[in-house]
Amino acid sequence: MTWAVIVGILSSGIRLATPYLYAAVGETIGQVSGVLNLGVDGVMLMGAYVAFFVALRTGSLSLGLIAGAGIGAMFGLIMAFISVTLKAEQGISGIGLYLFGLGLSTFLFGVTIKNVQTIDGFPDLAIPALSRIPVIGEIFFQHNILVYVAFALVPIAWFVLNKTPFGLKVRAVGQNPEAADSLGVNVSRVRYLTVTLGGMLSGIAGASLSIALLNTFQQNLTNGMGFIAVALVYFGGWRVSGVLLGSLLFSTVNAVQLWLQVKGVTIPSDFLLMMPYIVTILVLAAMANRRVNAPAALNKRFERGES
Amino acid sequence: MSTSIIEQVQVKELVARGIVKQFPGVLASDHVNFDVHSGEIHTLLGENGAGKSTLMKILYGMYRPDAGEVLINGTPVRFHSPLDAIRQGIGMVHQHFMLVPTFTVAENVALGLPSSRRVVLDLDIVSRRIEELAKTYGLHVDPQAKVWQLSVGEQQRVEILKVLYRGASLLILDEPTAVLTPQEVEEFSETLRRMINEGHAIVFISHKLHEVLALSDRITVLRNGRVVDTVLAADATKEGLARLMVGREVILQVEHPEVTYGDVRLAVHGLSANGDSGLPALRGVDLEVRASEILGLAGVSGNGQKELAEVIAGMRSSTSGQVFFDGTDVTGSLPGKLLDHGLSYIPEERMVDGTVRDFSVEENLILKDHHRQPYAHGVFMDFTKIASESDRLIEAFDIRTPSRHTPLKSLSGGNIQKLILARELSRNPSVLVAAQPTRGLDVSATEYVHRRLIEQRSAGTATLLISEDLDEILNLADRIAVIYEGRIMGIVERGNVDVEQIGLMMAGVSEQTTK
């Protein structure tokens with residue numbers, strides 16, 4: 001293994017972390033407020049499809065991105081309506097949302113685009129000066145705009161959750177909604193906001209695949225990435241810093257796996273493809289008893305005690 | 001007070017006139033008149049279901065009255081939600097704390113309030129204001145501490161701070177002393193006095209008669225949704241208040257007949273065990289309970305009482321030491337085995353460990369014996385027998401329920417406790433472990449439980465009575481053991497009780513030197 005190979009693997013590790021970061025940070029915000037959305041993968045597929053379709057037809061990547069974010073927010077809103085207003089079981093409604101997103105994106109793809117096409121996605125944007133630092137520059141500072149934004153999202157989400165009155169409300173609603181309600185916090189409104197925001201970020205996660213990283217769309221493009229994003233929230237212990245660490249670990253293992261495939265190692269590629277998932281399961285099992293930071297009201301519907 | 005951050009009027013006087021609130025099947029408030037003014041503590045006294053909670057929730061904007069009006073400083077007000085009440089200077093401390101355990105004290109106080117730095121939290125400023133308030137009212141607590149690390153007494157201070165921080169001048173306190181230790185009650189009443197001196201008005205809800213008498217200026221007694229009487233605390237007596245509450249003579253002190261003690265039924269030798277946190281909770285406990293004896297275990301909450309009860313009941317494993325039933329070593333036996341040995345257990349958490357919420361009254365009554373005679377024959381259940389036995393127990397233990405099919409969760413706390421008593425005592429136990437058997441019960445239910453425990457004592461049962469209510473232990477126990485930090489500090493005979501000495505042992509100050 002040469003220097004160049006290592007740099008290449010690390011650089012693609014950073015790139016590949018992008019969709020996981022968007023989706024997992026969005027899911028973290030929702031879960032911290034007490035709503036588990038298992039439909040992330042379906043929302044990502046819708047975001048990926050809509051962003052690709054709009055970019056393909058209009059030629060504008062920005063319009064594609066906005067459309068992808070918009071459809072994600074809409075799906076988030078649907079999830080909020082089902083789980084907050086209708087008070088349905090969160091886990092099951094999330095699976096429903098996933099299947100809806102998978103089915104609808106496949107159907108629309110078949111009707112509108114029909115065969116696999118590619119576009120020119122967001123170009124790489126070398127950061128002046130920084131990108132010329134040897135090794136470091138190549139690993140960190142020669143990516144497209146969506147990669148940078150994904151990483152910038154981590155400190156922003158941390159700040160909002162931990163340093164603002166809104167973040168305090170979000171965390172309180174996820175830990176003890178009755179207490180928040182007794183102080184005049186509108187539990188439903190907070191959860192609508194977080195779940196819709198989470199959906200929007202999942203939509204962007206999908207868009208980052210279809211118009212920035214892979215620059216194509218096909219049936220089930222995400223291949224379960226959204227579920228990995230949900231796992232990463234647990235992995236990260238409901239902290240955005242933990243989610244960042246998990247995303248990087250996961251995407252780097254993925255990059256190694258891709259490199260091994262390209263090198264034509266004699267292990268069947270199916271086994272290589274399993275690698276990141278096996279790592280996830282092992283880490284999650286090792287962390288099973290470390291749920292200190294878990295939102296106590298996660299996956300529980302909130303009903304006011306009084307009439 | 002400059003520490004208030006919400007502009008609001010000071011409540012000089014609140015008057016509720018002709019309040020009516022009808023619930024399906026119950027008239028919870030029947031033309032209730034009530035008033036409280038600045039500088040006084042006005043207590044609402046009544047049995048469970050007398051209408052205290054309803055009135056309180058109307059005053060705090062959680063319910064809207066069907067008729068009647070509420071006036072603040074002479075002006076009629078209408079509340080649509082607690083937020084409206086908060087804006088009018090009314091604050092409430094709920095019986096079940098409304099705190100976020102993973103948050104710091106400051107975060108709990110700041111929750112829901114606008115920040116002085118707009119979109120960025122101002123927890124340092126909040127902390128400073130909390131410290132000022134704490135100093136004024138003697139509510140000492142570290143603003144930086146996480147709530148889950150605080151004792152129950154400290155958590156209550158946080159609740160009061162939350163209310164004061166929002167500038168409340170009328171405080172509604174729902175059974176605030178129910179969870180406090182005797183020392184904490186003392187500090188708490190000191191805080192109340194300071195608040196009164198600062199011009200606050202306080203509505204106090206309780207059914208502990210001696211505290212009500214000690215703390216209140218006026219007392220309004222409610223029964224069946226109606227005001228029975230409003231009296232000055234100075235003119236009231238415990239017996240008189242109990243009579244007003246219940247509507248008949250109440251025996252506050254149950255009779256304690258002479259009995260002849262039998263052999264040792266329950267013995268615990270050198271018992272140690274860990275608590276939920278994995279730290280030692282019991283450190284070499286020695287106790288013996290004879291037939292026809294009630295051994296009272298006194299102590300401040302969290303000194304190993306819960307763990308002791310659980311180890312004896314087979315629900316927690318010990319790290320060393322033994323438990324004997326009638327001389328047989330039963331250490332480490334499963335609960336089912338202990339039931340066969342004649343153990344009955346009234347757990348501290350009656351909704352968690354004692355019953356199944358969603359099961360019917362009848363199903364809860366047969367929980368422990370559903371698999372044997374007379375309720376079952378082989379693999380088949382005998383529903384006719386179950387029905388007739390359930391009806392007999394409901395009758396015998398005066399469980400107020402529409403039918404034996406009613407789900408348990410719709411029963412009141414007192415009736416659930418009667419159901420547990422019915423199940424546990426009808427098994428005619430050789431050993432009974434009763435943990436906090438009257439916590440949260442009103443006067444008549446408490447009287448009932450006490451009478452049953454004494455009857456069981458006369459029938460020869462060896463009872464370990466664990467209670468944080470010292471009066472209860474003094475009333476019922478033949479001997480009193482005091483537990484502190486998992487050790488028995490001393491055992492006192494009923495005949496020569498020195499309350500002062502027991503209090504010191506409870507605080508871990510003095511270990512018994514004689515005997």
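In what follows, every chain begins at residue 1, and chains take the letters A, B, ... in the order their sequences are listed. The structure displayed is predicted, hence computed values, not measured ones.
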Whatever's closer than 4.5 Å to a heavy atom in chain A on B/R64 counts as neither

Residue part contacting chain B, namely of A/A180, when any heavy atom lies under 4.5 Å
both

Non-hydrogen atoms of chain B under 4.5 Å away: do they reach the side chain of A/N186, the backbone, both or neither?
neither

Over all heavy atoms of both residues, which pair between A/K169 and B/L111 is shortest? Give the atoms and the distance, please.
CA-CD1, 3.8 Å

Using heavy-atom distances under 4.5 Å, tell me whether B/V119 contacts chain A through its side chain, its backbone, both, or neither.
backbone

Can you find a pair of side-chain heavy atoms, one from B/R166 and one from A/L183, that are under 4.5 Å apart?
yes

From A/T164 OG1 over to B/R117 CZ, what is the distance, rounded to the nearest 0.5 angstrom?
13.0 Å

Within a 6.0 Å radius of atom CG on B/D30, are there more than 12 heavy atoms belonging to other residues, nucleotides or ligands?
yes

Side chain, backbone, both or neither: which part of B/L83 has an atom under 4.5 Å from a heavy atom of chain A?
side chain

Pick from A/V185, A/N176, A/L168: which one has the most heavy-atom pairs with chain B under 4.5 Å?
A/L168

If you measure from CG on B/N108 to CD on A/Q175, what distance do you get to the nearest 0.5 Å?
10.5 Å

Side chain, backbone, both or neither: which part of B/D122 has a non-hydrogen atom closer than 4.5 Å to chain A?
neither

Taking all non-hydrogen atoms of both residues into account, name the closest pair between B/M98 and A/S182 and its distance.
CB-OG, 3.7 Å

